[in-house]
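These notes concern the structure reproduced below.
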Protein chains: 2
Amino acid sequence: MPKIEIDAVPKFKGVGYPPPFDVPCSDRIRQRLGDAGGISDFGVNLTRLPPGNWSSQRHWHSHEDEFVFVLEGEVTLIEDDGETVLRAGDCAAFPKNTGNGHHMINRSETTAVYIEVGSRCPEDLTMCSDIDMKSANCDGRFVHKDGMPYAWPGSR
Amino acid sequence: MPKIEIDAVPKFKGVGYPPPFDVPCSDRIRQRLGDAGGISDFGVNLTRLPPGNWSSQRHWHSHEDEFVFVLEGEVTLIEDDGETVLRAGDCAAFPKNTGNGHHMINRSETTAVYIEVGSRCPEDLTMCSDIDMKSANCDGRFVHKDGMPYAWPGSR
């Protein structure tokens with residue numbers, strides 16, 4: 001049956017950034033629905049963002065499109081041009097390679113829930129806007145923008 | 001601003017199938033959110049399915065993964081193995097090339113609303129399960145399974 005039993009999909013809390021960049025996202029919970037359903041062309045995550053948490057560090061992708069649809073609560077989308085509140089029923093798209101980083105912060109007092117969809121390209125590079133960090137899909141490591149690794153045993 | 005103003009996104013009613021295959025889907029309304037947001041790696045549609053309507057003819061894709069998330073109401077998912085009701089908050093994935101066709105029928109008395117996501121592959125072939133119809137992405141035409149066109153002036 002192609003129906004995905006969401007309650008049975010593993011929940012991943014936090015992010016794999018080297019500290020202290022992981023701290024703002026530490027309570028983010030992500031479920032990989034698409035992977036659970038056996039599809040591979042794109043990822044679909046169901047993400048719960050508690051009050052105060054960030055969706056990610058602000059970033060843009062070189063080779064991957066992204067899309068988010070808010071299901072519950074509200075988040076504040078931040079990019080070069082300023083801020084936009086996205087409420088339940090709102091959506092946004094982030095075309096690849098714009099150089100305009102984005103992320104979402106939950107400034108409300110209730111958990112926000114959203115779906116995020118992203119294409120998958122082996123050549124993709126994630127470039128952070130506000131901090132000295134980038135990541136290439138080819139190895140999945142978070143490194144300085146000059147390519148040097150972070151001096152952190154757990155970094156990858 | 002990457003926020004998509006959903007009310008401003010064009011609404012497409014019905015489907016492009018040759019008659020009479022278009023009839024069960026005649027009141028389906030689809031908005032192409034991803035296209036409106038300028039992304040191209042995958043399509044994201046917001047679809048409203050009134051009571052009695054079908055999402056599509058039952059089909060499977062050779063080269064494209066699909067994913068649906070129900071936002072409002074309920075639909076009955078039909079595939080080779082039987083039927084599954086999907087309610088608001090439920091989701092399903094349809095990996096490429098299974099040969100197990102799927103579609104959804106709204107057997108309730110209220111309009112169902114769902115998001116559908118699909119990858120885009122030029123080599124994709126859509127193969128219908130219950131009728132003599134297929135379509136190739138390379139030309140977008142709906143034809144008999146032997147490749148012969150339907151004798152219908154509006155068919156494409």
Side-chain angles (χ1 to χ4, degrees), chain A residues 1-7 9 31-44 46 60-61 63-72 75 77-96 98 100 102 104 113-121 124, chain B residues 1-7 9 31-44 46 60-61 63-72 75 77-96 98 100 102 104 113-121 124:
Chain A
M1 283 290 169
K3 180 184 173 185
I4 298 165
E5 296 299 335
I6 294 178
D7 288 346
V9 177
Q31 290 176 281
R32 297 189 173 279
L33 301 184
D35 288 357
I39 58 175
S40 55
D41 288 347
F42 50 87
V44 183
L46 180 64
W60 54 276
H61 290 278
H63 288 73
E64 292 179 349
D65 288 337
E66 278 191 281
F67 178 90
V68 299
F69 192 100
V70 180
L71 298 175
E72 298 175 29
V75 291
L77 167 64
I78 298 170
E79 43 166 0
D80 286 350
D81 308 327
E83 301 188 357
T84 311
V85 174
L86 300 178
R87 298 183 174 85
D90 287 341
C91 64
F94 308 101
K96 69 190 85 170
T98 63
N100 185 354
H102 67 274
M104 300 180 296
V113 184
Y114 55 87
I115 292 172
E116 51 192 355
V117 184
S119 44
R120 288 173 169 172
C121 178
D124 188 62
Chain B
M1 284 292 168
K3 179 183 173 186
I4 297 165
E5 296 300 335
I6 294 179
D7 289 346
V9 177
Q31 290 176 279
R32 297 188 173 280
L33 301 184
D35 288 356
I39 58 175
S40 55
D41 289 347
F42 50 87
V44 183
L46 180 65
W60 55 277
H61 290 276
H63 287 73
E64 291 179 349
D65 288 338
E66 278 189 281
F67 178 91
V68 299
F69 192 101
V70 180
L71 299 174
E72 298 176 28
V75 291
L77 167 64
I78 298 169
E79 44 169 356
D80 287 351
D81 309 325
E83 301 188 356
T84 311
V85 174
L86 300 178
R87 299 183 173 85
D90 287 340
C91 64
F94 309 100
K96 68 190 87 169
T98 63
N100 185 353
H102 67 273
M104 300 181 294
V113 184
Y114 56 88
I115 291 173
E116 51 191 357
V117 184
S119 44
R120 289 173 167 170
C121 178
D124 188 62

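Residue numbers begin at 1 in each chain, while the letters A, B, ... track the order of the sequences.
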Requested in this report: Against chain A, label B:Val44 side chain, backbone, both or neither, depending on which of its atoms sit under 4.5 Å from a heavy atom there.
Outcome: side chain
Query - Portion of B:His63 that has a non-hydrogen atom of chain A nearer than 4.5 angstrom - result: backbone
Query raised in the report: Is the shortest heavy-atom distance from the side chain of B:Phe69 to the side chain of A:Leu71 under 4.5 Å?
Result: yes
Report summary line: With chain A, the option among B:Ala36, B:Gly38, B:Ala92, B:Gly37 that has the most non-hydrogen atom pairs under 4.5 Å is B:Ala92
Query raised in the report: Which region of B:Ser40, side chain (C-beta onward) or backbone (N, CA, C, O), has a non-hydrogen atom less than 4.5 Å from a non-hydrogen atom of chain A, or is it both or neither?
Result: both
Report task. Look at A:Pro95, A:Cys91, A:Cys121 and state which one has the largest set of heavy-atom pairs under 4.5 Å with chain B. Result -> A:Cys91
Query raised in the report: Would you call A:Phe42 and B:Asp65 a side-chain contact if the rule is heavy atoms closer than 4.5 Å?
Result: yes
Query raised in the report: What residues form a side chain to side chain contact (heavy atoms under 4.5 Å, CB included) with B:Asp35, not counting sequence neighbours?
Result: B:Arg32, B:Arg120
Query raised in the report: Where on B:Glu66 is there a heavy atom nearer than 4.5 Å to chain A: the side chain, the backbone, both, or neither?
Result: backbone
Query raised in the report: Do B:Val85 and B:Asp90 have side-chain heavy atoms sitting under 4.5 Å apart?
Result: no
Query raised in the report: Closest heavy-atom contact between B:Tyr114 and B:Val70?
Result: CB-CA, 3.9 Å
